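Per chain, numbering begins at 1; letters A, B, ... match sequence-line order. What you see is a predicted model; the values in this text were computed from it and never measured.
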Amino acid sequence: MAENESINLILPDGSVKKANKGATAHEVALSIGPGLARDAVVAKLDGSFIDLTAELDRGGHFSILTFDDPEGREVYRHSVAHVLAQAVKRLYSDVQLGIGPAIDDGFYYDFDMPHALSEGDLQDIEQEMEKIVAQDLPFEQEELSRQEAIDMFEEMDEPYKVELISEMQQEAVSIYRLGEFVDLCSGPHLPSTGRIEAFKLLNVAGAYWLGDENRPQLQRIYGTAFDSASDLAEHIDKLQEAERRDHRRLGKKMDLFSLHPQAGPGLIYWHPQGYRVREVIEGFWRDTHRERGYEIVSTPHIAREDLWETSGHLETFSEDMFDPMDVDGIKYLLKPMNCPFHIMIYQSEMRSYRELPLRWAEMGTVYRYERSGVLHGLLRVRGFTQDDAHIFCRPGQVEEEIIGVVRLAQYMLSTFGYDDYSVKLSVRNPENPEEYIGDEETWDQAEGALARALDRIGLDYTEEVGEAKFYGPAIDIEMQDALGRGWQGPTIQLDFNLPQRFDMTYIGSDGDEHRPVMIHRTVLGSMERFFGGLIEHYAGAFPPWLASIQVQIIPVSEDHLDYAAEIQSDLSAHGVRAEVDDRNEKVGYKIRSAEVQKIPYMLVVGDREIAQQTVSLRTRNEGDLGPREYSEFRENLLHDIQNRYMEPSMTD
RNA sequence: GCUGGCGUAGCUCAACGGUAGAGCAGCUGAUUUGUAAUCAGCAGGCUGUCGGUUCAAAUCCGUCCGCCAGCUCCA
């Protein structure tokens, strides 16, 4: 290697940096700026990651990544996962390593070991990790041949690593040394453990090796890491905030719903306060659907086995269905989906092309057998009400119909305060046409219609090749809540299968029978899951139009009960959900009680208010706002409700 | 379903081999209250279930049921 041979590195801003061949990425970073060198996590040359300590033997597009880059963060956290594994190896005997990748908000590492890890062990492990960080051990890469690597990991009694290597295609296997610790890893990593600033182990849980439930179950430790203690603290705060907002906690505290495991797990009991909110949601849902050309239907909860035979559910969905019940010697099944029932309505008479599209919506309660371990509050239950709808249309109407559904979804989501979402278009894998029902032309047309619909609306989306179900392409919308967490929202699914299975037809303008296209769609998903999401999105503080109690009237003493009752009955007459706190308590107590219930408006009424026919207004977001003319308050209130504001706006 | 943890009053939690306790909520009474908790009293539990160990079990062991964290799966 010539001493002074130089290479050209093209930096992200387009400028060219000259460096000596053989210089390390770290040295280059240093020459760009000491700050960058300090923050550098890893480098990238022509799109491939390289360790900062690696020597550069050629030029190319070059960048230095820090923790602020998503990829830099991943490398950083992945490096911490190695430190975790090293600490566990030091502390416990007979430990076999699984894998330890970075994930969205942190990292994990899987272990197979006889000692059952508990949360209490995490502190010990963290302490050992701190020691490893203090030792500032360098991550040192080495390349071995496959066989050498297999021999080495066999020698080390690491069967999972051996399995991983055996699955690999390439001849050269990369390993990393960290002091006495060796791990199979393609890298890259931080230069040394001293670069790790802040980490925390979060929990421990079981996880199947390679995600396969037929393989051994390992113990998984989850953790997270940041490049500053304050960012870590902020992240922990966010986790705690999520805990505070947990719908199971708030649902109990606010008396919205309950579960009764002794009466059957995964089944929801809506309490009066919760059902009021649901009623408002459903009312809004019904009005919106009628306005947009839907008819509302209602169908039974059970149907003969034959129907599920025809629909194909018995074949593909029976594991998720409750066992049949016997009715006069005939088997009936509880419905896990509403679609066959809407098809029954379609089949009740001959259909003409003039009738299409038919849009039928139903708040359809379905039951699905979910494995016990997956049940979770309102989010994963065994009985739930879908805001389901099916659109039956001609193939040429698909594009317009999809636009209608997406616009409906956008309108409803934004009304509920979800303004950020991402859209996914699931299309078929053209390499496996045999996996899909329906001819190629139908698919091309349908996928084209979905994509054109999204384009015409101007929505960005990602196309997921091979994600389509066998019976048709789909659009899935994931919405972000107030904490930035993703929730599965509206889904729109084209179906070429059921119209065929039920031999659905309509008479076209040509007098011949044609096959309609069927679109399954849901906007809210299910009332249970959507409500759970809403509780967490709003932290229980529902906007005035949704709040179960919109106005709490607080009489100062017994003498003011009549005036309070007068106001309540007037508000009720105007459709407002108002209640009087007539308990024998001080004003401060009643205020606190209303605040804890997150009631949007509080009206304090005493002698002064009665004398002047006013109310003293307090809102949960702005606190004490002083006296108002009652009629003026009522007008503002109705305005807030009608416009579905997120918070009371009483600022005149 | 699997791995691990956990089931004590309506809720949140104590007691961890020797007759089960607090705060909040509830009820009763006093107080008549002015913007986030007035005071006093009362009541509330076959310690999830069934079985075992022990002179003695909420406490130790096992079973089943359920809950929690994940895995797998999903609206």
Reading 5' to 3' through nucleotides 70-75 of chain B, protein heavy-atom contacts under 4.0 Å coded B for base, S for sugar-phosphate only, - for none: BBBBBB

Per-nucleotide protein contact string for nucleotides 34-42 of chain B (B base, S sugar-phosphate only, - none; heavy atom under 4.0 Å): BBBBB----

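Rounding to whole angstrom units, CG of residue D110(A) and C1' of rG4(B) are separated by 14 Å. To the nearest angstrom, P of rU32(B) lies 18 Å from CG of D582(A). Atoms CG (D246(A)) and C1' (rC11(B)) sit 15 Å apart, rounded to a whole Å. We find that CZ of R583(A) is positioned 17 Å from C1' of rG29(B), with the value rounded to whole Å. When rounded to the nearest whole Å, the span between NZ of K252(A) and P of rA9(B) equals 11 Å. The CD-C1' distance, from E558(A) to rA30(B), rounds to 12 Å in whole Å. For the pair Q262(A) CD and rG10(B) P, the computed distance is 12 Å after rounding to whole Å. One can place NE2 of H271(A) at 15 Å from P of rG10(B), the figure rounded to the nearest angstrom.
Atom P of rG48(B) sits at a distance of 14 Å from the matching atom of rA20(B), rounded to the whole Å. Rounded to whole Å, the P atom of rG10(B) lies 16 Å from the corresponding atom of rA25(B). Comparing the P positions of rG52(B) and rU59(B) gives a spacing of 14 Å, expressed to the nearest Å. Comparing the same atom, C1', in rG26(B) and in rG44(B) gives a spacing of 9 Å after rounding to whole Å. To the nearest whole angstrom, the two P atoms, one in rA14(B) and one in rG7(B), are 9 Å apart. As rounded to the nearest Å, rA58(B) and rG17(B) have C1' atoms that lie 10 Å from one another. Taking the P atom of each, rG21(B) and rU63(B) are spaced 32 Å apart, rounded to whole Å. One P atom belongs to rC50(B), the other to rA36(B), and the distance between them is 49 Å to the nearest Å.
A donor-acceptor contact closer than 3.5 angstrom links the side chains of N338(A) and Q386(A). A donor-acceptor contact under 3.5 angstrom links the side chains of Y222(A) and R220(A), judged on distance only. Side-chain atoms of D419(A) and S414(A) include no donor-acceptor pair closer than 3.5 Å. Counting only N and O atoms by type, the side chains of H115(A) and D121(A) include a donor and acceptor under 3.5 Å apart. Using a 3.5 Å distance cut-off with no hydrogens or angles, the side chains of H342(A) and T299(A) do not pair a donor with an acceptor. A donor-acceptor contact closer than 3.5 angstrom links the side chains of S548(A) and Q273(A).
Nucleic acid contact for L117(A): sugar-phosphate only, since backbone atoms but no base atoms lie under 4.0 Å from a heavy atom of the residue. Residue contacts shown for R249(A) are absent, as no nucleic acid heavy atom lies under 4.0 Å away.
A 4.5 Å side-chain heavy-atom check between V280(A) and F542(A) finds every atom pair outside the cut-off. Taking 4.5 Å as the limit, every side-chain heavy atom of L334(A) sits out of range of all side-chain heavy atoms of M321(A). By the 4.5 Å heavy-atom criterion applied to side chains, R521(A) and T491(A) are not counted as neighbours.
Residue pairs meeting the side chain to side chain donor-acceptor pair (under 3.5 Å) criterion with at least one partner in residues 532-541 of chain A, sequence neighbours excluded, are H247(A)-E536(A), R485(A)-E536(A).
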side-chain hydrogen bond (donor to acceptor under 3.5 Å, both in side chains) assessment of Y160(A) paired with D110(A): CA-CA 10 Å; Y160(A) 299 102; D110(A) 287 342; over 6 Å; no

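Projected onto RNA chain B by closest heavy-atom contact, A116(A) and Y369(A) fall at different nucleotides, the more 5' of which corresponds to Y369(A).
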5'-to-3' dot-bracket of RNA chain B (Watson-Crick, G-U; under 3.5 angstrom; crossing pairs as [ ]; | other strand): (((((((..((((....[..)))).(((((.......))))).....(.(((..]....))).))))))))....

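For E585(A), the side chain to side chain contact (heavy atoms under 4.5 Å, CB included) partners at least two apart in sequence or on another chain are R583(A), Y589(A), K590(A).
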Could you give the side-chain donor-acceptor pairs of residues 91-105 of chain A under 3.5 Å, partners two or more places apart or in another chain?
unit_1 : atom_1 : unit_2  : atom_2 : d
Q96(A) : NE2    : D157(A) : OD2    : 3.0

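Proximity of S118(A) to the phosphate of rG4(B): no side-chain N or O atom is located under 4.0 Å from OP1 or OP2.
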